[in-house]
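What follows is a short report on a single structure.
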Amino acid sequence: MDERYEPAAIERAAQGFWNQHRSFEAAEDPKRDKFYCLSMFPYPSGRLHMGHVRNYTIGDVLSRFARMQGRNVLQPMGWDAFGLPAENAAMQNGVAPAKWTRDNIAYMKKQLQALGFAIDWRREIATCDPAYYRWNQWLFLRMREAGIAYKKTGVVNWDPVDQTVLANEQVIEGRGWRTGALVEKREIPMYYLNITKYADELLGDLDGLGGWPERVKVMQANWIGRSEGAEVGFPYGDDVRALLGADGALKVFTTRADTLFGVTFMAIAAEHPVALAAGARDPQLQAFIDECRRGSTMEADVATMEKKGRRTGLHVRHPFTGEPVEVWVANYVLMGYGEGAVMGVPAHDERDFAFATQNGIPIRMVVRSASGAYDEVVAPWIEAYGEHGVTVNSGEFSGLGYREAVDAIAKALEARGLGRKRIQFRLRDWGISRQRYWGCPIPLVHCEACGEVPVPDSQLPVVLPEDLVPDGSGNPLAKSAAFRDCACPACGKPARRETDTMDTFVDSSWYFLRYACADNGGAMVDERVKYWLPVDQYIGGIEHAILHLLYSRFWTKVMRDLKLVGVGEPFANLLTQGMVLNHIYWQQPAEGRRLYFNPNDVDVEEGDGGKRYVATRDDGTRLEVVYDGLGTMSKSKNNGVDPQGLVEKYGADTARLFMMFTAPPEQSLEWSDEGVQGSFRFIRRLWKAVHDHVAAGPAPRLDVAALTPPQRALRRAVHQTLAKVTDDIGRRRTFNTAIAAVMELLNAIGRSEDGSPQGRAVAHEAFEVVTVALSPIVPHVCHVLWQALGHSTALVDERWPSPDPAALAQDSVTMVVQVNGKLRGQVSVPVDAGEEAIRAAALAEESVQRFVGGATPRKIVIVPRKLVNVVV
RNA sequence: GCCCCGGUGGCGGAAUCGGUAGACGCAACGGACUUAAAAUCCGUUGACCGUGAGGUCGUGCCGGUUCGAGUCCGGCCCGGGGCACCA
């Protein structure tokens with residue numbers, strides 16, 4: 001064994017061993033308990049970032065731990081390879097997205113391998129491979145047959161200069177990112193997946209997901225947003241009837257049917273048919289409608305923008321009183337959500353209150369406060385106005401509580417054919433059409449004679465041409481004759497191929513199934529999926545808590561209903577890892593954009609007026625910069641740390657140890673160069689300790705009966721540490737405290753300095769436990785240390801040991817003594833001491849006597865083996 | 001704006017079920033070793049009072065429950081994630 005710790009050589013040796021012995025190739029074996037450990041696959045952006053290292057280290061620790069516990073472990077890896085960044089890179093560099101993506105995959109795969117992850121690379125998949133995405137297409141056609149995939153119009157961001165659809169990310173302050181043109185909303189036909197059909201089940205099944213963080217389940221439940229309420233029809237007034245040339249009713253959904261008699265206006269979306277008809281004869285209203293249709297499609301923008309409205313001059317009639325209610329167009333009502341219309345009850349809804357006050361609309365109180373918080377509704381708004389109470393001024397429905405009022409009103413509405421009770425979800429159907437090149441083609445053909453024709457299964461996949469280079473002006477597929485022009489599968493006449501591609505969330509909604517059978521060219525899934533699913537542990541960023549995880553759950557349920565898989569939930573346990581943060585520094589030049597400086601190039605100087613931050617530029621000149629706090633590592637803020645440099649300088653084990661030690665996995669993690677060095681030093685200290693122990697010659701056999709008290713104490717610490725690490729990794733998933741416990745143990749071994757034969761035997765056992773306990777986290781160095789400790793077997797194939805109960809036993813415990821809840825002393829009592837004995841020992845303690853004085857304790861609280869509190 | 005999470009020494013964090021606040025690590029300071037530096041090793045380090053023994057205060061802010069609150073409850077402040085075409 002070398003005296004010096006040389007990570008490069010050690011890691012080469014360990015990885016060579018695992019590769020040669022195919023240690024991580026997983027085979028289905030029904031007799032063995034399987035453990036499917038899945039980390040969210042990366043987008044191949046070019047290089048690994050620290051978030052990836054953190055994510056995959058967590059997965060690897062759990063995989064290696066489960067493997068040592070005897071489970072049959074599958075840990076696969078692949079590439080979420082379609083998406084916008086490839087098109088952006090193509091526009092910047094003129095490289096085809098396919099080549100850019102595949103080069104990135106090759107590079108990042110090498111980086112992953114250098115980190116020593118226990119991955120079965122035979123199962124690698126990339127979503128841009130036709131062998132993968134053909135099954136997107138195949139299942140899309142099955143969903144279309146089942147009515148789950150259907151067509152309707154949807155709203156997109158439209159750049160009028162580039163004549164192209166923009167992603168939300170490409171809209172900067174209401175303008176196209178390349179052209180600076182004001183973005184417009186535009187309605188186009190799109191394909192949708194009927195996820196709302198599964199809303200009830202997606203919500204209800206959350207209860208069965210015991211291995212999911214509570215906060216993720218709450219977020220999903222709120223996203224699905226089940227609300228019980230009533231649908232109410234407001235019959236058209238004569239003016240609306242005349243305008244539309246038809247009879248009917250304006251439908252709304254409300255959770256507050258009890259306030260129906262407080263309706264003083266109706267608000268409809270700018271895209272609502274009534275609004276469009278009204279706009280056609282009123283140029284000023286049309287101008288307002290046009291204004292509403294500019295601007296953002298994002299909910300956050302809609303929610304924070306100034307609430308504006310304009311009267312249409314049209315009326316609907318109250319369903320009970322028949323009174324006319326004026327209809328307004330409002331920018332805060334969205335056509336895509338609910339009915340595109342809401343009833344306005346200013347007295348009992350904060351937003352309606354603001355709208356009414358601003359526009360001079362009357363406010364009619366119809367609920368009396370149950371708590372007496374108000375007698376009349378007057379400005380300013382107070383929260384109590386929105387609370388449930390007892391109805392007033394509501395005709396025959398007055399004097400009812402919330403539930404009775406809603407029930408009675410809904411019943412009466414139903415009798416008149418103007419409404420009913422209904423359950424509404426906030427969740428909307430999933431629009432999957434994208435007018436973009438680098439994605440999975442939607443397998444449809446448009447024929448003048450036959451209409452929309454699905455591509456027959458025998459002709460799948462519809463292969464995406466890989467030689468196109470987007471230029472920012474629309475989808476290149478639409479301009480490629482070779483792709484676009486085809487024969488109609490039904491009649492054979494010339495036809496046009498669909499040029500929309502699928503949302504990349506489709507690709508990631510089922511990749512975890514494909515790992516089980518990646519080599520099957522004849523079917524999407526097979527028997528092996530039944531063996532591996534569900535995923536036993538899923539690990540990924542908290543930013544995916546809603547969309548990706550909800551879509552995957554939905555997709556799995558659809559496949560279950562199509563009899564393709566046996567499970568209805570894909571992920572049994574979920575760990576949501578926090579983000580990796582670093583400091584942000586910038587400087588604002590006289591003209592142009594902020595310049596961001598990498599924290600590596602910034603020195604912190606302590607001056608009279610506090611701290612100064614000085615950056616050193618490439619040309620060696622220095623410049624004072626602004627410190628802007630911590631933020632996620634990103635290219636735009638120039639605060640990323642390249643894992644490659646870290647691995648080259650310190651080795652993969654140090655990178656892994658730092659990631660696991662610095663913060664618990666669910667919390668955000670702050671980058672620290674000093675912390676990395678500390679992790680490196682710890683490994684080196686471990687290496688040196690084992691080296692010195694081994695260099696002193698073989699340790700004798702451990703004779704438990706012959707140990708001195710200090711030796712017994714050290715051995716107890718060894719087995720306590722083992723128990724703690726097992727619990728921390730296996731149950732609590734707090735790797736940082738597991739590592740801290742091992743550090744403490746290593747410190748204790750160092751302090752013992754016991755060169756006697758049994759002292760060395762205890763130390764030997766201790767080093768073995770340290771090596772095993774750390775091996776999931778720093779597997780390379782432990783692989784080599786295990787051999788140095790005299791083993792001919794490979795550590796990766798060892799079983800995780802159990803603590804020796806005999807070693808854990810102790811005959812006395814130290815209990816803390818408090819007087820009136822304040823710590824005053826400690827007493828040592830036998831483990832089996834009774835309450836009386838503990839009480840006596842506590843009262844006899846010197847400082848307790850001092851604080852109790854002559855007083856008689858009023859109460860003595862005893863927490864077994866921990867604490868005594870004397871209350872006087 | 002709405003939903004979710006977090007806030008503990010100079011810093012990252014620990015305290016697992018309401019029971020010793022600050023484990024472990026970093027940084028800093030002092031010392032040993034060295035011609036010197038690096039590396040390594042030893043020691044100190046929440047604040048305040050005290051020579052000391054010891055005491056008082058202390059987990060974003062205000063209030064509450066409890067023998068006992070970082071932990072539970074109510075109200076705020078600040079930071080982060082998500083909001084449906086970034087992945």
Side-chain angles (χ1 to χ4, degrees), chain A residues 40 42-43 45 80 82-85 88 154 156-157 165-171 213-216 218-223 225 297-305 332 336 351 426-436 503-505 508 541-548 550-551 576 578-579 581 629-632 661-664 666-679 681-682 684-685 688 724 727-728 731-732 734 736-737 739-744 747 750 814-823 825-826 847 858-861 863 866-872:
Chain A
M40 289 183 185
Y43 177 80
S45 56
D80 188 11
F82 276 137
L84 210 47
N88 295 341
V156 294
N157 303 305
V165 176
L166 297 178
N168 283 337
E169 190 189 50
Q170 299 171 321
V171 180
E214 207 52 46
R215 62 167 158 158
V216 174
V218 170
M219 279 192 267
Q220 290 219 348
N222 289 336
W223 184 264
T297 58
M298 287 157 76
E299 191 192 304
D301 293 339
V302 174
T304 50
M305 72 189 175
Y332 63 86
R351 200 172 56 176
R426 205 188 78 94
L427 182 67
R428 309 198 294 259
D429 276 346
W430 174 16
I432 59 158
S433 297
R434 296 290 180 271
Q435 298 69 44
R436 269 187 251 300
D503 180 7
T504 55
F505 273 121
S508 55
I542 182 66
E543 66 275 18
H544 295 290
I546 296 175
L547 292 180
H548 161 63
L550 192 66
Y551 291 146
T576 47
M579 311 268 227
L581 311 177
L630 284 165
T632 53
F661 178 60
T662 304
E666 308 228 336
Q667 264 177 49
S668 55
L669 180 150
E670 282 177 41
W671 183 259
S672 146
D673 283 318
E674 293 79 13
V676 171
Q677 284 166 32
S679 294
R681 275 203 296 269
F682 170 72
R684 199 167 52 189
R685 217 159 40 230
K688 176 96 179 0
K724 176 159 178 60
D727 189 48
D728 282 354
R731 179 184 64 89
R732 296 179 65 208
T734 52
N736 54 329
T737 54
I739 294 163
V742 177
M743 286 174 167
E744 278 185 80
N747 292 344
T814 303
M815 291 179 74
V816 163
V817 188
Q818 297 179 335
V819 178
N820 290 334
K822 289 197 178 190
L823 177 65
Q826 296 187 340
S847 58
R858 282 198 293 126
K859 188 173 175 182
I860 296 181
V861 181
V863 182
K866 273 206 173 138
L867 168 146
V868 185
N869 186 13
V870 182
V871 185
V872 293

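Quick caveat: nothing in here was measured; it's all calculated off a predicted structure. Throughout, protein chains are lettered first and strands after them, A, B, ... in sequence-line order, and every chain is numbered starting at 1. Heavy atoms only: backbone and side chains are in, while hydrogens, waters and symmetry mates are out.
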Any strand is fair game: report the nucleotide pairing with B:rG18 by Watson-Crick or G-U wobble, both distances under 3.5 Å, or none.
none
Contact check, side chains of A:I860 and A:V868, non-hydrogen atoms, under 4.5 Å:
yes
Please report the distance separating the C1' of B:rG10 from the corresponding atom of B:rC4, rounded so that it comes out in whole Å.
32 Å
A:F505 side-chain proximity, nearest of B:rA87, B:rG25, B:rG81
B:rA87
Are any of A:R434's side-chain N or O atoms less than 4.0 Å away from OP1 or OP2 of B:rC86?
no
Send over the distance from A:R426 CZ to B:rC2 P, rounded to a whole Å.
13 Å
Nearest-angstrom distance from the residue atom CD1 of A:I739 to C1' of B:rG12
13 Å
Using a cut-off of 4.0 Å on non-hydrogen atoms, how would the nucleic acid contact of A:M298 be classed: base, sugar-phosphate, or nothing?
sugar-phosphate
Would you classify A:V165 as touching base, sugar-phosphate or nothing, given that sugar-phosphate means primed atoms plus P, OP1 and OP2, and contacts are heavy atoms under 4.0 Å?
base
Would you mind classifying the nucleic acid contact of A:V816 as base, sugar-phosphate or nothing, using non-hydrogen atoms under 4.0 angstrom?
base
Counting the atoms with a prime plus P, OP1 and OP2 as sugar-phosphate, which does A:N747 contact under 4.0 Å by heavy atoms, base, sugar-phosphate, or nothing?
sugar-phosphate
Heavy-atom donor-acceptor pair, A:K724 side-chain to B:rU16 base, under 3.5 Å:
yes
Of the candidate nucleotides B:rU20, B:rA14, B:rC3, which contains the atom at the shortest distance from the side chain of A:P664?
B:rA14
Under a 3.5 Å limit on both distances, the Watson-Crick or wobble mate of B:rG52 is none
Nearest heavy-atom approach of A:V156 to A:Q435 is CG1-OE1, 4.3 Å
Rounded to whole angstrom, note down the C1' distance from B:rU65 over to B:rG74.
11 Å
Dump the intermediate steps for salt bridge (Lys or Arg N to Asp or Glu O under 4.0 Å) on A:K724 and A:E744, then the final yes or no.
CA-CA 12 Å; A:K724 176 159 178 60; A:E744 278 185 80; over 6 Å; no
Proximity to the side chain of A:V861 - top-ranked nucleotide from B:rA84, B:rA15, B:rG19
B:rG19
Nearest-0.5 Å distance, OG1 of residue A:T734 to CD of residue A:Q667:
11.0 Å
For residues A:M298 and A:V171, determine if any side-chain heavy atom of one lies less than 4.5 Å from a side-chain heavy atom of the other.
no
What's A:M579 touching, base or sugar-phosphate or nothing? Going by heavy atoms closer than 4.0 Å.
sugar-phosphate
Pairing partner of B:rC2, by Watson-Crick or G-U wobble and under 3.5 Å for both distances, is B:rG82
Under 4.0 angstrom, heavy atoms only, what part of the nucleic acid is A:Q818 near: base, sugar-phosphate, or nothing?
base
Mapping A:R684 and A:P42 to their closest nucleotides on RNA chain B, which lands nearer the 5' end?
A:R684
Closest approach to the side chain of A:R685, judged atom by atom: which nucleotide of B:rG13, B:rG19, B:rC41 is it?
B:rC41
What nucleic acid atoms does A:A545 come within less than 4.0 Å of, heavy atoms only: base, sugar-phosphate, or nothing?
nothing
Out of B:rA15, B:rA87, B:rG12, whichever nucleotide has its closest atom nearest the side chain of A:T662
B:rG12
A:E543 has a side chain; which of B:rG81, B:rU20, B:rC83 sits nearest to it?
B:rG81
What's the CG-P distance between A:N168 and B:rG82, to the nearest Å?
13 Å
Any side-chain N or O of A:R681 under 4.0 Å from OP1/OP2 of B:rC26?
yes
Which part of the nucleic acid, if any, lies within contact of A:V870, taking any heavy atom under 4.0 Å across all strands shown: a base, the sugar-phosphate backbone alone, or nothing?
nothing
Over all strands shown, is A:W223 touching base, sugar-phosphate only, or nothing at heavy-atom distances under 4.0 angstrom?
base
Out of B:rA87, B:rA84, B:rC4, which has the shortest distance to the side chain of A:V218?
B:rC4
When we call it a touch if two heavy atoms are under 4.0 Å apart, what does A:S433 touch: a base, just sugar-phosphate, or nothing?
base
Between B:rA87, B:rC24, B:rA84, which nucleotide gets closest to the side-chain atoms of A:R428?
B:rA84
Any donor-acceptor pair under 3.5 Å between the side chain of A:N869 and the base of B:rC67?
yes
Provide the distance between the two C1' atoms, one in B:rC11 and one in B:rC5, to the nearest whole Å.
22 Å
Using a cut-off of 4.0 Å on non-hydrogen atoms, how would the nucleic acid contact of A:K859 be classed: base, sugar-phosphate, or nothing?
base
So what does A:L867 hit on the nucleic acid, given a heavy-atom distance under 4.0 Å: a base, only sugar-phosphate, or nothing?
base
Please report, rounded to the nearest Å, how far the P atom of B:rC24 is from the CZ atom of A:F661.
10 Å
How would you label the glycosidic angle of B:rG9: syn (within 90° of 0) or anti?
syn
Name the nucleic acid region contacted by A:H548, choosing base, sugar-phosphate or nothing; use a 4.0 angstrom heavy-atom cut-off, strictly under.
nothing
Is the phosphate of B:rA87, meaning OP1 or OP2, less than 4.0 Å from a side-chain N or O of A:T504?
yes
If I pick the P atom on B:rG68 and the same atom on B:rC48, what distance separates them, to the nearest angstrom?
29 Å
Under a 4.5 Å cut-off applied to non-hydrogen side-chain atoms, are A:E666 and A:T576 in contact?
yes
Please report the distance separating the C1' of B:rC57 from the corresponding atom of B:rU8, rounded so that it comes out in whole Å.
15 Å
Sticking with atom C1', work out how far B:rG58 lies from B:rU20, rounded to a whole angstrom.
15 Å
Name the closest nucleotide to the A:L823 side chain, picking from B:rA21, B:rG81, B:rA87.
B:rA21
Just checking A:E674: base, sugar-phosphate only, or nothing, at a heavy-atom cut-off of under 4.0 Å?
sugar-phosphate
A side-chain contact here means heavy atoms from C-beta on lying under 4.5 Å apart; do A:N736 and A:D728 qualify?
no
How far does the C1' atom of B:rC42 sit from the matching atom of B:rG52, given to the nearest Å?
25 Å
B:rC78, syn or anti by chi within 90 degrees of zero:
anti
Rounded P spacing from B:rG75 to B:rG80 in Å
23 Å
Phosphate OP1/OP2 of B:rA14: any A:N736 side-chain N/O under 4.0 Å:
yes
N/O (side chain, A:K822) to phosphate O (OP1/OP2, B:rA21) under 4.0 Å:
no
Hey, does the side chain of A:Q667 come within less than 4.0 Å of B:rG13's phosphate (OP1/OP2), counting only N and O?
yes
Do A:W430 and A:F505 have side-chain heavy atoms sitting under 4.5 Å apart?
yes
In Watson-Crick or G-U wobble terms, both distances under 3.5 Å, what is the partner of B:rC72?
B:rG64
For the residue pair A:Q170 and A:N157, establish whether any side-chain heavy-atom pair is separated by less than 4.5 Å.
no
On RNA chain B, nearest-nucleotide positions of A:S668 versus A:A741: which is more 5'?
A:S668
Which nucleotide in the list B:rC4, B:rU16, B:rC26 gets nearest to the side chain of A:D728?
B:rU16
Find the partner of B:rG46: check Watson-Crick (N1-N3 plus N6-O4 or O6-N4) and G-U wobble (N1-O2, O6-N3) distances, both under 3.5 Å, and reply none if neither fits.
B:rC57
Does a side-chain heavy-atom distance below 4.5 Å link A:T662 with A:E670?
no
